[in-house]
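Hydrogens, waters and symmetry mates are skipped; everything else that's a heavy atom, side chains included, is used.
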Amino acid sequence: MVALKAGTRPPWVGLGAAVWVLIASGNAYVFPLYSHSLKSIMGLNQHQLTMIGVFNDIGENVGLVPGLACDKFPPWVVLLIGSLACFSGYGVLWLAVSRTVQSLPYWSLCLALCVAANSNAWFSTAVLVTNMRNFPLSRGTVAGILKGYVGLSAAVFTEIYSVLLHSSSSNLLLFLALGIPMLCFIMMYFVRPCTPASGEDSVEQGHFLFIQAASIVLGVYLLTTTIMSDALSLSTSISYTFVLIMILLLMAPLAIPVKMTLYPMKPSKLGTLEPSIGSSGHLTQEEDNVEKTEPLLTPSSSTTNLGSFRENDDASEVAMLLAEGEGAVKKKRRPKRGDDFTFSEVVMKADFWLLFLVYFVGVGSGVTVLNNLAQIGIAQGVHDTKILLSLFSFCNFVGRLGGGVVSEHFVRSRTTPRTVWMTLTQIIMIVTYLLFASAMDGTLYIATALIGICFGVQFSVMIPTVSELFGLKNFGLFSNFMALGNPIGAFLFSGLLAGYIYDHEAAKQHGIDRIGSGLSCLGPNCFRLTFLVLAGVCGVGTILSIILTTRIRPVYQMLYSGGSFRLPQSTNH
């Protein structure tokens, strides 16, 4: 049993602390910054390097255990486990890259990176689940903000890597091994379950707008300073000033609880939500709930909720449900979309697997570009890939934040299913992969920006969609199961497809019959076939997304028919 922290300020303190934890949880995105050192020091070929990248993605996204732990333990326990994984995994990689330990076996590097990246699953699950429950009526907005900061993490680490760590791969790995756990130890006290407000008001929306604006300023600032640092010869003092300003911008969300402390508002008349909304029975509340005078079952609510939203209901089932509502009959019914599902129930739903496949296509193909971004740039004549990584990071942030904001607007104003935006971005991804394959002059940066935006949208749309279709009770487990689409896609598209084609083309260019270690490939043919395959895969994903959107449209018409989120019935399991 986890006690809820009462008051209006603690949720915003937790959200501000979550920003720092999620920046730290993006450490898996900096693989391109040290992959070249790993490749040269260990004498790896591109296939071996991409397979290490696959283990990076597996560790980052296999979060079933963190999802279960989040329902059993308080957030600080989950963050502590993630910190230990981060320290041990990146510590081993630092021993290898710094040559403190000579000749570590290849399998140990794969295992170490998998453990290190798995810290991200613990970090992100702890703060995401906690904040989704703290703000249950603004799920899309909260998911967009939090995932947006994860998208900026690569640019933040790039700034630290270039200025504070002097572009040293060994220094970066040491920073990841020691700095991130220390940060999480500090922040774990502030990330806690809180009593959420039972209604939406202009003040809360103003706070969200402030955080969104602050994150946009941070994203533009990071991209600008990265380009300036690369194009101009800046003094050390100016570079350190850039880092200091970046830190201040990261602290911007904490201005909200500071303002609430200095200028306290009168207590809201809206009261608080029942614990079952935020945690589905796993939490106890510290203060009494406001009495509700509405009847639990009215004719209008029964006809609405059991009409278009309930699938395949007949008259006898409606009568049975009405009898249950009046207490005449007690019968355990199967949940409908929008209710709280158990894992065994959700895997029987076609919509769950459709959403998984659509997400798998979007993030699996996108992470292939991210894992091979350095080699893609070098193949097309761009040897300093820091700008490419910062551009991808910024556009990934734009996609994550924009996906949350735009989907939230249209779901409330027009009851448009969020998956519409997954469909549109995967259509754009088809065009973008064809643009990559063409390798025309001047298209690399455009294609990288587009794929970053589309990649980010997949995250910020999937998360609230899962909570809306299948409930918040087991949200941590469901969202982490969805996240498995990332490493599976990385293994198939990056490890097997892109790595093999790259090494085969490199061997052909060097005039040898077999794939060798450390061979570099130059020219558009290094990745052309890979991009054509990814374009075809996204075509299939677009079709599946259209089918899913058509199926779940009635759900969103029920949930948002009044212009704001309406909590569905909770089932008793």
Side-chain angles (χ1 to χ4, degrees), residues 27-65 81-122 157 161 165 168-181 367-368 370-375 378 484 486-504 506-507 510 512-521:
N27 58 73
Y29 290 124
V30 302
F31 179 70
L33 291 180
Y34 61 86
S35 61
H36 61 284
S37 297
L38 206 58
K39 183 177 182 179
S40 60
I41 291 173
M42 302 303 296
L44 307 176
N45 60 39
Q46 185 63 23
H47 177 70
Q48 291 174 315
L49 185 65
T50 53
M51 286 306 297
I52 291 181
V54 169
F55 277 91
N56 180 62
D57 296 315
I58 291 173
E60 179 190 6
N61 293 282
V62 176
L64 297 181
V65 176
I81 296 173
S83 299
L84 295 176
C86 186
F87 170 76
S88 57
Y90 283 118
V92 172
L93 290 174
W94 174 77
L95 293 175
V97 173
S98 64
R99 306 196 187 201
T100 304
V101 175
Q102 298 289 336
S103 303
L104 282 174
Y106 175 72
W107 65 265
S108 66
L109 297 177
C110 295
L111 180 61
L113 187 54
C114 185
V115 171
N118 191 240
S119 66
N120 301 340
W122 293 90
F157 281 117
Y161 171 77
L165 305 177
S168 168
S169 296
S170 61
N171 288 344
L172 174 62
L173 290 169
L174 184 62
F175 174 79
L176 297 176
L178 299 179
I180 291 178
V367 79
T368 300
L370 178 60
N371 284 352
N372 295 277
L373 194 57
Q375 287 70 34
I378 293 172
L484 292 175
N486 193 316
I488 294 173
F491 173 74
L492 295 176
F493 303 139
S494 180
L496 297 183
L497 178 66
Y500 175 80
I501 293 174
Y502 180 96
D503 285 334
H504 179 75
H510 287 80
I512 59 178
D513 295 330
R514 64 184 182 82
I515 295 174
S517 299
L519 296 179
S520 296
C521 179

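Phe87 CZ: 12 or fewer foreign heavy atoms inside a 6.0 Å radius.
Looking at heavy atoms from C-beta onward, Val367 lies out of side-chain contact with Phe493 at the 4.5 angstrom threshold. Contact of the Leu38 side chain with the Val97 side chain is registered, since non-hydrogen atoms from C-beta on lie closer than 4.5 Å. The shortest distance between side-chain heavy atoms of Leu370 and Tyr29 falls below 4.5 Å. Contact of the Val115 side chain with the Val92 side chain is not registered, since no non-hydrogen atoms from C-beta on lie closer than 4.5 Å. At least one side-chain heavy atom of His36 sits less than 4.5 Å from a side-chain heavy atom of Ser169. The closest side-chain heavy-atom distance from Phe55 to Ile52 is not below 4.5 Å. A 4.5 Å side-chain heavy-atom check between Asn372 and Ser494 finds at least one atom pair inside the cut-off.
Remark: Leu373 CG to Thr368 OG1 distance equals 12.0 Å, nearest 0.5 Å. The line from OH of Tyr161 to CG of Leu33 is 5.5 Å long, rounded to the nearest 0.5 Å. Residue Leu95 holds its CG atom at 11.5 Å from OG of Ser170, rounded to the nearest 0.5 Å. Rounded to the nearest 0.5 angstrom, Asn486 CG and Glu60 CD are separated by 5.5 Å. Taken to the nearest 0.5 Å, the SG atom of Cys86 stands 10.0 Å off from the CG atom of Leu84.
When all heavy atoms of Ala177 and Pro181 are compared, the closest pair comes out as O-CG, 3.3 Å. For the pair Gln375 and Leu49, the tightest heavy-atom approach, listed with the atom from each and the gap, is NE2-CD2, 3.9 Å.
In this structure, Tyr502 contributes its side chain and Cys521 its backbone to a donor-acceptor pair below 3.5 Å. Put simply, the side chain of Ser88 gets close to the backbone of Ala85: a donor and an acceptor are under 3.5 Å apart. Side chain of Asn27 to backbone of Asn120: no donor-acceptor contact under 3.5 angstrom is found. Side-chain atoms of Ser168 never come within 3.5 Å of backbone atoms of Leu165 as a donor-acceptor pair (strictly under, hydrogens ignored). Between the side chain of Asp57 and the backbone N or O of Pro487, no donor-acceptor pair lies under 3.5 Å. Asn56 contributes no side-chain N or O that, together with a main-chain N or O of Leu113, makes up a donor-acceptor pair within less than 3.5 Å.
Among residues two or more places apart in sequence or in another chain, the side-chain hydrogen bond (donor to acceptor under 3.5 Å, both in side chains) test is passed with Ser83 by none.
The aromatic rings of Tyr34 and Phe31 stand perpendicular to each other, their planes meeting at an angle above 60°, with 30° marking the opposite boundary.
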Steps toward side-chain contact (heavy atoms from CB on, under 4.5 Å) verdict (Leu176, Val30): CA-CA 10 Å; Leu176 297 176; Val30 302; 4.1 Å; yes

Test log, rule side-chain contact (heavy atoms from CB on, under 4.5 Å), inputs Tyr106 and Leu44: CA-CA 9 Å; Tyr106 175 72; Leu44 307 176; 3.9 Å; yes

Derivation of the side-chain contact (heavy atoms from CB on, under 4.5 Å) call for Leu497 and Leu492: CA-CA 6 Å; Leu497 178 66; Leu492 295 176; over 6 Å; no

